[in-house]
Amino acid sequence: MTDQELEQKLRTALEHAAPNDFQGVLSRISPKTRTEQAPIPFEAAARKKKRRWAPLAAAACLALVVAAGGGGWYLQNNTVASVVSLDVNPSVTLNVNSKEKVLSAVPVNEDGGDILAGMDLTGVQLDVAMNAIVGALLTQGYVDELANSILITVEDDDAGRGARLQQELTDQANAILANTSVNGAILSQTIQNNQQLQQLSDTYGITTGKAALIQTIVDNGNSLHTFEELVGLSINDLNLLYTSLTTAPAEPSTGDGTSGGSASGSGTAAEPAPAIQSSGQASDSAYIGVEAAKSAAFAHAGLDAAQVTMGEVDFDYEDGRMVYELEFYADGAEYEYDIDASTGAVVKFSQEGGRTQTSSSAGSGGASGNVSSGSGSGTAQSGAGGTAADIGREAALAAALSHAGVSQDQVYNLEVKREYDDGRLEYEIEFKTGGWEYEYTINAADGTILDYERDN
């Protein structure tokens with residue numbers, strides 16, 4: 001029996017289950033009978049009879065539907081099997097049944113409402129809806145060469161079906177972008193019933209897909225970021241951060257027989273989250289670019305590009321701005337710079353070992369810092385005597401040791417770094433003693449302890 005034949009039988013059964021022939025019965029009663037006997041409350045009786053038979057008829061029809069398999073047919077066509085979300089900055093969610101037909105399309109934010117304006121996607125196949133949405137993202141300028149990333153997320157309790165949809169939608173999005181001038185970058189993932197992500201989604205008014213991407217960055221970023229500070233970023237910026245976390249070049253030689261390493265930790269390679277697949281490269285065309293960031297750092301360090309061996313180059317997000325993190329080596333010294341990705345300003349820098357650096361000026365409008373590092377090897381060496389604006393390495397170390405209540409001969413793994421952070425010269429001091437690890441940040445101007453940690 002076809003679905004159409006089943007529907008017709010159900011309709012006929014309902015129409016005849018509880019007949020309402022009150023006027024016909026009334027016409028067959030003689031006037032004499034009606035006047036000589038007590039009035040019969042026909043309408044009340046008819047209504048009572050209808051109420052009595054309606055539930056029975058409905059139950060009988062329901063039994064017929066279930067027996068014929070129609071209940072399964074109804075549920076299959078009207079139950080959400082998968083939830084598909086697309087994020088750029090506009091965010092849209094599609095509720096889809098097991099036949100991959102859209103049951104509803106929901107904008108998650110205001111820009112998502114602009115994308116769906118004028119579209120009625122209810123009842124259309126998922127691939128048709130996908131074409132319409134990606135097309136709108138392109139024509140309205142949300143996806144272009146400046147910001148080319150799209151996040152596709154499939155939420156499905158059936159892992160196999162979810163993975164299949166994820167791959168099909170990713171291939172489709174790549175095919176659409178390939179027919180345009182945009183070199184797209186697609187992130188995709190499959191999620192299964194994650195209450196934590198659902199709570200984050202509800203709290204911040206974002207899709208669970210974007211919540212999953214942010215949580216992955218937070219979990220793999222050595223706790224340098226909080227979820228809340230990243231939630232306002234676009235998918236393209238999040239893609240840049242994610243790519244920096246999940247890819248890291250081999251450590252180069254410093255030229256003195258040692259290999260370089262990332263002191264900041266933010267460039268540390270992390271295993272990609274299994275659920276996130278990446279294709280294409282996120283665009284940084286909205287920013288100054290890596291070469292311009294290098295030029296700003298080299299100028300500030302007083303170096304020529306020919307003198308430099310590059311280490312890691314990463315993207316990061318600090319104090320509300322995207323930055324390029326650069327690590328490089330020259331003349332036996334290791335340099336680390338944070339360059340504002342939008343302006344080219346020097347946000348932070350440090351130097352370990354190597355030659356004396358004098359009268360450095362901030363390149364590209366960056367912060368200036370008169371860094372006078374003494375020559376030496378091993379831990380960072382600074383002029384012990386200090387200057388009017390710098391108490392010197394030994395005084396800074398003495399302040400930290402005094403606060404910890406230990407002498408220098410009691411500590412090991414001592415490291416002293418002289419850094420310029422947000423316009424202030426500081427000493428970063430680390431050492432171990434008595435089963436404890438100490439970390440101090442000392443103000444280079446007066447020896448005040450700015451920050452202090454002790455870990456067992």
Side-chain angles (χ1 to χ4, degrees), residues 254-265 297 300-303 307-308 311 325-338 346-362 366-434 436-455:
T254 62
D256 59 0
T258 62
S259 62
S262 173
S264 68
H300 186 276
L303 297 170
Q307 300 173 266
V308 172
E325 289 188 337
L326 308 177
E327 181 183 280
F328 54 91
Y329 310 89
D331 296 332
E334 176 183 346
Y335 298 83
E336 292 181 5
Y337 274 79
D338 286 358
V346 176
V347 176
K348 183 191 299 185
F349 70 90
S350 67
Q351 174 189 345
E352 282 190 60
R355 62 173 178 76
T356 300
Q357 177 185 338
T358 59
S359 302
S360 294
S361 61
S368 62
N370 189 7
V371 181
S372 302
S373 299
S375 61
S377 60
T379 58
Q381 301 290 319
S382 300
T387 65
D390 181 4
I391 62 172
R393 176 188 185 277
E394 297 305 324
L397 177 58
L401 294 174
S402 174
H403 184 272
V406 296
S407 60
Q408 187 167 346
D409 59 2
Q410 293 177 291
V411 306
Y412 60 98
N413 287 0
L414 173 64
E415 183 177 352
V416 180
K417 294 173 61 177
R418 190 169 183 261
E419 295 186 344
Y420 197 78
D421 190 359
D422 288 337
R424 178 173 58 198
L425 193 60
E426 301 172 350
Y427 285 93
E428 297 287 341
I429 300 174
E430 298 180 13
F431 56 83
K432 296 179 181 179
T433 181
W436 293 89
E437 180 178 356
Y438 293 80
E439 294 183 9
Y440 281 88
T441 301
I442 307 294
N443 190 332
D446 56 15
T448 348
I449 295 174
L450 301 174
D451 192 23
Y452 155 69
E453 291 184 14
R454 186 179 77 159
D455 295 320

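- Using modelled atom types, one side-chain atom of D446 and one backbone atom of T448 make a donor-acceptor pair closer than 3.5 Å.
- Side chains of Y420 and V346 form no contact here, defined as non-hydrogen atoms less than 4.5 Å apart.
- A donor-acceptor pair under 3.5 Å is absent between the side-chain atoms of T441 and the main chain of L450, judged by distance alone.
- Rounded to the nearest 0.5 angstrom, E415 CD and F431 CZ are separated by 12.5 Å.
- The two residues E453 and D455 make their nearest non-hydrogen contact at OE1-OD2, 4.1 Å.
- At a threshold of 4.5 Å between non-hydrogen side-chain atoms, the residues L425 and R418 count as touching.
- Taking all atoms of both residues into account, the shortest heavy-atom contact from Q307 to A330 is O-CB, 3.6 Å.
- Taking CG of L401 as the reference point, atom CG of L414 lies at 7.5 Å (rounded to 0.5 Å).
- The minimum heavy-atom distance linking G311 with Y329 is given by the pair CA-CE1, 4.1 Å.
- Remark: E437 CD is packed, more than 12 non-hydrogen atoms of other residues, nucleotides or ligands lying under 6.0 Å away.
- For A396, the side-chain contact (heavy atoms from CB on, under 4.5 Å) test picks out I391, Y427, I429, I442, with sequence neighbours left out.
- Looking at residues two or more places apart in sequence or on another chain, you find a side chain to side chain donor-acceptor pair (under 3.5 Å) between E419 and K417.
- A donor-acceptor pair shorter than 3.5 Å can be found between the side chains of H403 and Y440.
- Looking only at side-chain heavy atoms (C-beta outward), L303 and Y335 come within less than 4.5 Å of each other.
- Interatomic distance, E325 CD to E327 CD, rounded to the nearest 0.5 Å: 9.5 Å.
- Relative ring orientation between Y337 and F349 is described as parallel, the plane-to-plane angle staying below 30° on a 0-90° scale split at 30° and 60°.
- Here the closest non-hydrogen pair linking A399 and G447 is CB-O, 3.9 Å.
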